[in-house]
Trainee: 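After the structure tokens below, expect a handful of questions from me.
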There are 2 protein chains.
Amino acid sequence: MSLRMALLGVLDIRPSSGYELSRFLHASAGWVWSAPQSQIYPLLRRMEADGVIKAELQVRGERLERRVYELTEEGQVELRQWARTFHPSPTVHDPIALQMLFLDTVSTADGIRVLTEYAAEQDDRAAHYEHRRDRLLAHDTPLLRERLLTAPREQHDRIAQSKAHVFDGQARLARERAAWAREAIGLARSNPG
Amino acid sequence: MSLRMALLGVLDIRPSSGYELSRFLHASAGWVWSAPQSQIYPLLRRMEADGVIKAELQVRGERLERRVYELTEEGQVELRQWARTFHPSPTVHDPIALQMLFLDTVSTADGIRVLTEYAAEQDDRAAHYEHRRDRLLAHDTPLLRERLLTAPREQHDRIAQSKAHVFDGQARLARERAAWAREAIGLARSNPG
DNA sequence: CAGGCCATGTAATCTGTTACATGATTTT
DNA sequence: AAAATCATGTAACAGATTACATGGCCTG
């Protein structure tokens with residue numbers, strides 16, 4: 001359901017083709033919800049059949065077509081309805097936590113290597129999130145700018161801050177995960193097996 | 001792949017039936033990786049066909065059978081191999097982050113309600129994680145006790161601590177998410193739309 | 001003898017990933 | 001002329017959820 005909402009959410013701000021949506025997810029919102037093209041294109045067709053979006057065909061050059069989608073009224077309603085409702089979090093699937101539960105059966109050196117790479121991966125993600133947060137605070141991303149066109153000027157900072165806060169939260173979680181992994185390394189070293 | 005490893009990891013400590021594995025995931029490791037019975041039973045059959053586990057049939061009462069699985073040597077190897085290798089984290093799917101990105105289009109009151117329920121949910125989860133962490137530190141869970149039977153006594157505390165650290169990490173992440181949501185409420189209130 | 005727990009599954013559906021396929025347009 | 005980018009998809013598989021189905025055993 002959430003990918004559907006991600007697409008509706010973007011289309012609510014700016015009509016886009018499947019290709020643009022795919023690129024956008026990869027570049028920015030993809031840091032909270034990602035999906036490959038092969039999932040996006042069929043879903044758009046289905047959403048069109050459901051009547052929540054409609055396509056306008058555009059011709060670029062002579063033969064190259066693109067389908068530019070926009071929300072219908074049903075789509076608007078579905079998005080608002082979803083956004084204003086609390087949805088319980090899905091069940092937990094945390095691979096590194098699971099791996100750590102069984103890490104006491106491998107050598108200390110191997111365990112430390114796994115945790116070190118994990119910490120580096122999470123720090124790297126955190127840096128990306130922080131960069132995006134800062135760009136949002138500076139009103140420096142295309143989609144935010146388009147969003148602000150339809151909002152009264154005195155709300156611009158509040159909207160930017162609320163979106164930046166999403167990425168700030170993700171950054172903090174990633175830093176917390178990296179710190180957790182380094183503590184685990186400390187545990188492993190303090191009492192090597 | 002991870003559910004497969006969760007099952008291998010438990011079976012490495014104690015031979016169990018599908019029902020026991022299902023209950024165990026629901027009760028404890030389920031807090032890091034959960035799955036319904038309908039996913040576990042077919043997977044066990046498949047893993048048996050793959051030769052990583054083998055079943056012994058037990059008869060309880062007259063007709064009621066249970067299949068008690070244990071690891072084969074191939075299973076041992078697969079588990080160790082997986083545990084000592086770093087696996088990049090899967091792509092991000094965070095529904096509440098996505099919802100927050102579009103929360104600026106609903107009323108402040110609705111937004112605050114969603115975030116309040118989310119914070120409560122995460123605090124609730126954190127409490128469960130903390131409880132499990134404390135039980136592990138006290139060596140007070142059945143599976144840990146069985147694990148410790150096959151480890152030298154001087155390593156018991158280290159093993160318990162490393163498993164407790166998994167749940168401590170999950171608890172801290174949940175608390176962080178709750179704090180994030182409350183900050184978002186603050187943002188929404190400070191500049192209501 | 002009723003209610004809860006033990007025990008194993010199937011069916012249908014939805015969601016997500018990886019790999020492949022095709023061809024036009026634009027830029028260097 | 002080659003390389004990068006724009007553009008839309010299909011196929012096969014893997015992973016996860018929800019609902020349903022069946023029946024025996026154990027305790028009060």
Side-chain angles (χ1 to χ4, degrees), chain A residues 1-8 15-27 29-30 32-50 52-53 55-69 82 87-95 98, chain B residues 1-8 15-27 29-30 32-50 52-53 55-69 82 87-95 98:
Chain A
M1 201 80 302
S2 290
L3 176 57
R4 184 178 174 113
M5 296 309 156
L7 300 177
L8 288 180
S16 315
S17 67
Y19 187 77
E20 286 174 303
L21 288 163
S22 170
R23 287 200 39 174
F24 179 72
L25 281 198
H26 189 71
V32 302
W33 200 280
S34 67
Q37 289 182 340
S38 61
Q39 198 181 2
I40 291 169
Y41 284 113
L43 181 53
L44 285 170
R45 289 296 185 142
R46 198 178 144 181
M47 288 165 69
E48 193 182 4
D50 290 346
V52 294
I53 58 177
E56 189 194 349
L57 275 154
Q58 286 187 354
V59 181
R60 307 194 3 128
E62 265 177 54
R63 246 160 288 189
L64 188 50
E65 285 192 345
R66 38 184 249 147
R67 305 175 61 81
V68 176
Y69 293 97
W82 174 80
H87 307 281
S89 300
T91 55
V92 182
H93 294 116
D94 191 331
L98 184 67
Chain B
M1 199 83 301
S2 290
L3 176 57
R4 184 179 175 112
M5 296 309 157
L7 299 177
L8 287 179
S16 314
S17 66
Y19 187 77
E20 286 174 304
L21 288 164
S22 169
R23 287 200 38 172
F24 179 73
L25 280 199
H26 189 71
V32 302
W33 200 279
S34 67
Q37 289 183 340
S38 61
Q39 199 183 359
I40 290 170
Y41 283 115
L43 181 54
L44 286 170
R45 290 296 184 141
R46 196 178 145 183
M47 288 165 69
E48 193 183 5
D50 290 345
V52 294
I53 58 177
E56 189 194 348
L57 275 156
Q58 285 186 357
V59 181
R60 305 192 6 126
E62 264 177 52
R63 245 160 289 187
L64 186 51
E65 286 192 345
R66 38 185 248 146
R67 303 174 62 80
V68 176
Y69 293 98
W82 175 81
H87 307 279
S89 300
T91 55
V92 181
H93 294 115
D94 192 330
L98 184 67

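Chain letters run A, B, ... following the sequence lines, proteins first and then strands; every chain starts at 1. Note that the structure is predicted; figures quoted are calculated from it, not measured. What you see below is based on every heavy atom in this structure, not just the backbone, and it leaves out hydrogens, waters and symmetry mates.
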Trainee: Starting at the 5' end of DNA chain C, which residue's closest nucleotide do you reach first, A:Trp33 or B:Val68?
Mentor: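 Taking each residue's closest nucleotide, the earlier one in sequence belongs to B:Val68.
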Trainee: How close do B:Arg67 and B:Ala55 get, counting heavy atoms only, and between which atoms?
Mentor: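 The answer is NH2-CB, 3.5 Å.
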Trainee: D:dC6 phosphate, OP1 or OP2: any side-chain N/O from A:Arg23 under 4.0 angstrom?
Mentor: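 Answer is yes, contact under 4.0 Å.
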Trainee: Rounded to whole angstrom units, what separation is found between the CG atom of B:Leu25 and the P atom of D:dA16?
Mentor: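 Atom CG in B:Leu25 sits about 12 Å away from atom P in D:dA16.
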Trainee: If you check the A:Pro36 side chain, which of C:dC14, D:dA7, C:dT17 turns out closest?
Mentor: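 That would be C:dT17.
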Trainee: Does B:Gln37 reach a base, just sugar-phosphate, or nothing at all? Heavy atoms under 4.0 Å.
Mentor: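 The residue B:Gln37 makes base contact.
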Trainee: Please report, rounded to the nearest Å, how far the P atom of C:dT15 is from the CE atom of A:Met47.
Mentor: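 Rounding to the nearest Å, CE of A:Met47 and P of C:dT15 are 11 Å apart.
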Trainee: C:dT13 P sits how many Å from A:Leu43 CG, rounded?
Mentor: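 For the pair A:Leu43 CG and C:dT13 P, the rounded distance is 18 Å.
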Trainee: Quick check against the 3.5 Å criterion: does B:His93 have a side-chain atom that pairs as donor or acceptor with the backbone of A:Val32?
Mentor: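 Here the side-chain-to-backbone pair does not exist.
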Trainee: For the side chain of A:Leu3, counting heavy atoms from C-beta on, which of D:dT8, C:dG16, C:dG9 is nearest?
Mentor: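 Side chain of A:Leu3 sits closest to C:dG16.
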Trainee: OP1 or OP2 of D:dT8 less than 4.0 angstrom from a side-chain nitrogen or oxygen of A:Arg67, does that happen here?
Mentor: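 It does not, given that no N or O in the side chain of A:Arg67 lies less than 4.0 Å from OP1 or OP2 of D:dT8.
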Trainee: Just compare C:dC14, C:dT17, D:dG9 and give me whichever is closest to any side-chain atom of A:Tyr69.
Mentor: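 In terms of side-chain proximity for A:Tyr69, the closest of C:dC14, C:dT17, D:dG9 is D:dG9.
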Trainee: Using a cut-off of less than 4.0 Å, is there contact between a side-chain N or O of B:Tyr19 and OP1 or OP2 of C:dT8?
Mentor: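 No, B:Tyr19 has no side-chain N/O under 4.0 Å of OP1/OP2 on C:dT8.
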Trainee: To the nearest Å, give me how far apart CE (A:Met1) and P (C:dC14) are.
Mentor: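 Value for this atom pair: 9 Å.
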Trainee: Ignoring backbone atoms, establish whether B:Arg45 has a side-chain N or O less than 4.0 Å from OP1 or OP2 of C:dG9.
Mentor: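 It does, given that an N or O in the side chain of B:Arg45 lies less than 4.0 Å from OP1 or OP2 of C:dG9.
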Trainee: Could you pull out the closest heavy-atom pair between A:Leu98 and B:Ser2, with the gap in Å?
Mentor: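 Looking at all heavy atoms of both residues, the shortest contact is CD2-O, 3.3 Å.
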Trainee: Output the rounded distance in Å from CD (A:Gln39) to P (D:dG9).
Mentor: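 One finds 15 Å between P of D:dG9 and CD of A:Gln39, rounded.
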Trainee: Where the side chain of A:Tyr41 is concerned, which of C:dA7, C:dG16, D:dA7 is the nearest nucleotide?
Mentor: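 Of C:dA7, C:dG16, D:dA7, D:dA7 is nearest to the side chain of A:Tyr41.
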Trainee: Which comes earlier along DNA chain C counting from the 5' end, the contact point of B:His93 or that of B:Arg66, where each point is its nearest nucleotide?
Mentor: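 It is B:Arg66, whose closest nucleotide lies nearer the 5' terminus.
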Trainee: Measure from the side-chain heavy atoms of B:Ser38 and tell me the nearest of C:dA7, C:dA11, C:dT18.
Mentor: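 Ranking C:dA7, C:dA11, C:dT18 by closest atom to the B:Ser38 side chain puts C:dA11 first.
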Trainee: For A:Pro36, does its backbone N or O pair with a side-chain atom of A:Gln39 as donor and acceptor, under 3.5 Å?
Mentor: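 Judged by distance alone, no pair lies under 3.5 Å.
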Trainee: Check the distance between D:dC6's C1' and A:His26's NE2 and give it to me in whole angstrom.
Mentor: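 Computing the A:His26:NE2 to D:dC6:C1' distance gives 15 Å.
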